[in-house]
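Residue numbers begin at 1 in each chain, while the letters A, B, ... track the order of the sequences. Note: hydrogens, waters and symmetry copies are ignored here, and every other heavy atom, side chains too, is used. If you're wondering where the values come from, they're calculated on a predicted model, not measured in any experiment.
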Number of protein chains: 2
Amino acid sequence: MTSIKDVAKAAGVSTATVSRVLANNAPIKAETRERVLEAVAQLNYRPNLIARSLRAQKSAKIGLVVSDIRNPFFTAIGRAVEDAAYEQGYSVLMCNTDENPEKEELYLNLLHDENVAGVIFSPTQQFSAASHSYNAKMPFVIIDRAVESKETDMVLLDNVSAAYELTTHLLENGYRKLAGLFGDASTTGQERSRGFHKALKDYQLNPVAAHFISPRIKQGYDTTIALLEGTNRPDAIFTSNSLLTAGAFQALRDKKISVPNEVALVGFDETTWSELVDPPITVIAQPTEEIGRTATELLFQRIQEPSRSPKTVILKGTLLVKGSSKKK
Amino acid sequence: MTSIKDVAKAAGVSTATVSRVLANNAPIKAETRERVLEAVAQLNYRPNLIARSLRAQKSAKIGLVVSDIRNPFFTAIGRAVEDAAYEQGYSVLMCNTDENPEKEELYLNLLHDENVAGVIFSPTQQFSAASHSYNAKMPFVIIDRAVESKETDMVLLDNVSAAYELTTHLLENGYRKLAGLFGDASTTGQERSRGFHKALKDYQLNPVAAHFISPRIKQGYDTTIALLEGTNRPDAIFTSNSLLTAGAFQALRDKKISVPNEVALVGFDETTWSELVDPPITVIAQPTEEIGRTATELLFQRIQEPSRSPKTVILKGTLLVKGSSKKK
DNA sequence: GGCAAAAGTGTAAACGATTACATTATTTAT
DNA sequence: ATAAATAATGTAATCGTTTACACTTTTGCC
């Protein structure tokens with residue numbers, strides 16, 4: 001492998017000069033620079049990033065820690081983060097925690113040991129309490145799920161308002177017997193449940209049901225089946241994430257229930273399928289591209305200026321009204 | 001930061017001994033080992049992976065290079081790869097090429113410079129020719145798309161057979177005017193087109209149309225609209241990947257065409273939505289979990305034994321017959 | 001008991017870059 | 001013309017490990 005020494009020799013300069021040309025962090029005579037660059041091209045030299053990282057005590061990598069990249073929300077975030085990082089010459093280490101605090105800790109340690117410049121991170125609930133201890137170790141941006149610590153940069157959705165708006169939409173369209181399915185793995189589910197209840201309260205109603213369940217298609221399916229078979233069948237189902245929405249939709253279809261006439265269905269996240277199904281699903285679309293990009297930018301800012309005072313960016317969701325929530 | 005020196009001092013041994021205890025690659029007296037481990041725990045020492053990687057000239061990272069992680073096929077692969085890597089203590093660097101050969105080259109170089117142990121890689125067509133030159137640089141496993149070079153490990157689907165089976169299924173169900181939409185970015189599209197044509201030939205039929213287009217929802221939509229508005233309207237549409245399927249499905253719906261009675265629709269890849277829509281889509285399901293896992297295992301084998309003779313694993317797809325391809 | 005082999009440990013040289021410090025060459029100001 | 005300031009470059013230490021080599025101790029065998 002050709003190293004900086006080879007380049008130095010070929011260009012007739014010291015390794016220091018080569019380094020300075022390449023990192024361009026010092027004045028260099030134009031003629032020398034040219035000679036060095038020539039040698040670099042000639043030898044097809046590529047700096048060893050590991051060595052650079054070791055000596056400079058930093059790297060051009062960031063970590064992305066989410067529960068599961070297969071969740072369309074995180075897929076989109078992941079892509080946006082990767083794009084934003086790429087533009088700055090950074091690459092992204094992808095980590096799936098499966099909502100498992102142990103895996104989460106393992107990955108955070110790993111990222112730390114890998115000397116990543118920073119981490120974009122959607123934490124489990126258990127993590128929240130311990131967040132401050134990690135905070136010191138490396139730059140952090142929390143996405144999607146609030147943590148208690150106020151010392152952390154965050155990019156969040158205004159979940160309460162979004163859920164409130166979505167629920168109100170159901171109520172305005174005449175639905176009265178609402179059931180809510182909320183993911184139990186994150187603070188997101190809790191916040192959305194709060195908006196849900198708040199809207200109902202405005203109408204002086206109680207929910208028919210409100211379940212906190214594991215955010216998986218199967219759980220959404222099972223719970224919906226139970227609701228539909230129960231004595232007090234809801235006329236509208238509110239789901240707090242797209243996996244639950246998918247499960248609920250499947251259950252409604254299998255039970256041959258007409259949506260939205262018998263039962264309405266609403267949820268979060270615009271997915272490929274949410275408008276392909278019949279009827280298309282009314283959802284709160286999250287600005288995933290913007291979340292990912294903002295988080296990455298915030299992270300870069302913190303990397304540059306670690307003592308900068310923390311910023312929380314709260315973005316708004318967009319209500320997309322489709323066929324699943326308006327009686328004909 | 002506490003380093004190996006601190007541990008050595010605390011345990012009253014040399015750094016070499018500490019290293020040997022931690023990397024477990026030499027005989028150590030039990031008592032010494034214990035003292036070292038105690039010191040490690042005491043100081044909460046974590047080895048610096050960058051330094052290790054520099055000295056040992058290897059790392060516990062692998063690269064995953066695909067066109068777009070948002071494509072459900074690659075999402076699933078990515079997750080499977082990450083899981084398999086995790087089990088071996090490896091982490092995954094995620095790279096999206098957008099079918100852009102320049103981005104592809106940039107990322108491959110980056111991964112090389114990052115000293116990754118190997119790369120799992122779904123190449124663009126342009127890459128195929130140059131593949132051998134990269135082959136020498138680091139261990140490689142190609143997935144999804146064949147390259148010419150026979151010196152590379154590959155994990156592929158038997159695309160010709162799968163497409164043949166899918167097409168034959170349409171023909172057996174009485175469809176005769178078939179149109180094919182194939183992705184133009186990969187060899188996959190070509191192979192699937194071959195299976196498509198082969199099946200038609202067996203029935204002594206010609207396709208109504210066969211288009212190679214950019215693998216995006218929008219192109220699938222536009223092309224399908226054109227087909228439906230054309231003079232020779234097909235009675236069945238074959239799509240070579242899930243994005244084209246989604247586009248075609250949307251077009252059929254917007255044109256209010258009854259599926260499968262007026263026009264059938266079939267495609268590749270089982271997605272969340274493919275069985276949520278009405279009718280559910282008949283597809284060839286790829287064994288994504290197995291592809292990702294096999295690729296990762298192959299990669300580890302090659303990392304361990306670089307001179308091992310290359311292996312190509314060809315997996316079979318599974319035809320899932322749903323409502324979109326059987327006239328009632 | 002003696003000798004060879006194996007086990008256990010230490011010393012110091014890598015790995016390939018960056019950078020503090022020293023040094024020399026060139027401007028600039030007077 | 002000369003001192004002072006600045007630009008340009010080189011020397012060598014450094015980042016935190018692993019590991020070749022050397023050395024000492026223990027074990028096994030006849």
Side-chain angles (χ1 to χ4, degrees), chain A residues 1-40 43-61 89 109-110 112-117 137-138, chain B residues 1-40 43-61 89 109-110 112-117 137-138:
Chain A
M1 205 64 268
T2 87
S3 83
I4 199 171
K5 281 187 193 166
D6 305 314
V7 177
K9 195 178 295 173
V13 297
S14 73
T15 61
T17 301
V18 176
S19 172
R20 284 192 269 253
V21 169
L22 263 40
N24 61 282
N25 52 3
I28 291 285
K29 220 202 309 193
E31 191 236 332
T32 316
R33 152 169 287 118
E34 207 168 314
R35 264 216 326 283
V36 169
L37 291 177
E38 225 164 75
V40 166
L43 299 174
N44 203 10
Y45 166 73
R46 305 186 51 83
N48 181 315
L49 299 184
I50 300 291
R52 173 178 291 174
S53 176
L54 175 60
R55 168 63 225 228
Q57 298 289 46
K58 62 186 175 188
S59 78
K61 281 172 295 183
N109 283 330
L110 176 78
H112 173 256
D113 299 348
E114 280 282 359
N115 224 334
V116 295
K137 288 184 143 189
M138 49 189 168
Chain B
M1 207 65 266
T2 87
S3 82
I4 199 170
K5 282 187 191 164
D6 305 314
V7 177
K9 195 179 294 175
V13 297
S14 74
T15 61
T17 301
V18 177
S19 173
R20 285 193 268 252
V21 169
L22 264 40
N24 226 39
N25 52 2
I28 291 284
K29 217 195 320 185
E31 191 235 330
T32 316
R33 151 168 288 119
E34 207 169 313
R35 264 214 330 281
V36 169
L37 290 177
E38 224 164 75
V40 166
L43 299 174
N44 202 10
Y45 166 72
R46 306 186 49 84
N48 181 317
L49 298 184
I50 300 291
R52 173 178 291 174
S53 175
L54 176 60
R55 170 61 226 231
Q57 298 289 47
K58 62 186 175 187
S59 79
K61 281 171 295 182
N109 283 331
L110 177 78
H112 173 257
D113 299 347
E114 280 283 358
N115 224 334
V116 296
K137 288 185 142 189
M138 49 188 167

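- Taking atom CG on A:D6 and atom P on C:dA17, their separation rounds to 9 Å, with Å as the unit.
- Separation of atoms CD (A:E114) and CD1 (A:I50) is listed at 7.0 Å; rounding is to 0.5 Å.
- Distance, A:Y45 OH to C:dA17 C1': 7 Å, rounded to whole Å.
- An OP1 or OP2 oxygen of D:dG16 is reached within less than 4.0 angstrom by no side-chain nitrogen or oxygen of B:S3.
- Heavy atoms of other residues, nucleotides or ligands lying less than 6.0 angstrom from CD of B:Q57 number more than 12.
- Rounding to the nearest 0.5 Å gives a distance of 13.0 Å between CZ of A:R52 and CG of B:L54.
- For the pair A:E34 CD and D:dT9 P, the computed distance is 13 Å after rounding to whole Å.
- A:S59 places a side-chain N or O within 3.5 Å of a backbone atom of A:N115 that can act as its donor or acceptor partner.
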Whether each nucleotide of nucleotides 3-10 of chain C has a protein heavy atom under 4.0 Å at its base (B), only at its sugar-phosphate (S) or at neither (-) is summarised, 5' to 3', as ----SSBB

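- In terms of polar N and O atoms assigned as donor or acceptor, the side chain of B:R55 never comes within less than 3.5 Å of the base of D:dT17 in a complementary pairing.
- With rounding to whole Å, A:M1 atom CE is found 12 Å from C:dG16 atom C1'.
- Between A:V18 and A:K9 the shortest side-chain heavy-atom distance does not fall below 4.5 Å.
- From A:L110, atom CG reaches atom NZ of B:K61 across 9.5 Å, with rounding to the nearest 0.5 Å.
- Contact check, A:Q57 against C:dT19: no side-chain N or O comes under 4.0 Å of OP1 or OP2.
- For the pair A:L22 and A:V36, the tightest heavy-atom approach, listed with the atom from each and the gap, is CD1-CG1, 4.5 Å.
- Taking atom NZ of residue A:K9 and atom C1' of nucleotide C:dG16, one finds them 14 Å apart after rounding to whole Å.
- Distance, B:L54 CG to C:dA13 P: 17 Å, rounded to whole Å.
- Going from atom CD1 of A:I50 over to atom P of C:dA17 covers 11 Å, rounded to whole Å.
- Using a 4.0 Å cut-off, some side-chain N or O of A:R52 falls inside it from OP1 or OP2 of C:dT18.
- Whole-Å rounding puts the A:R46 CZ to C:dG16 C1' distance at 15 Å.
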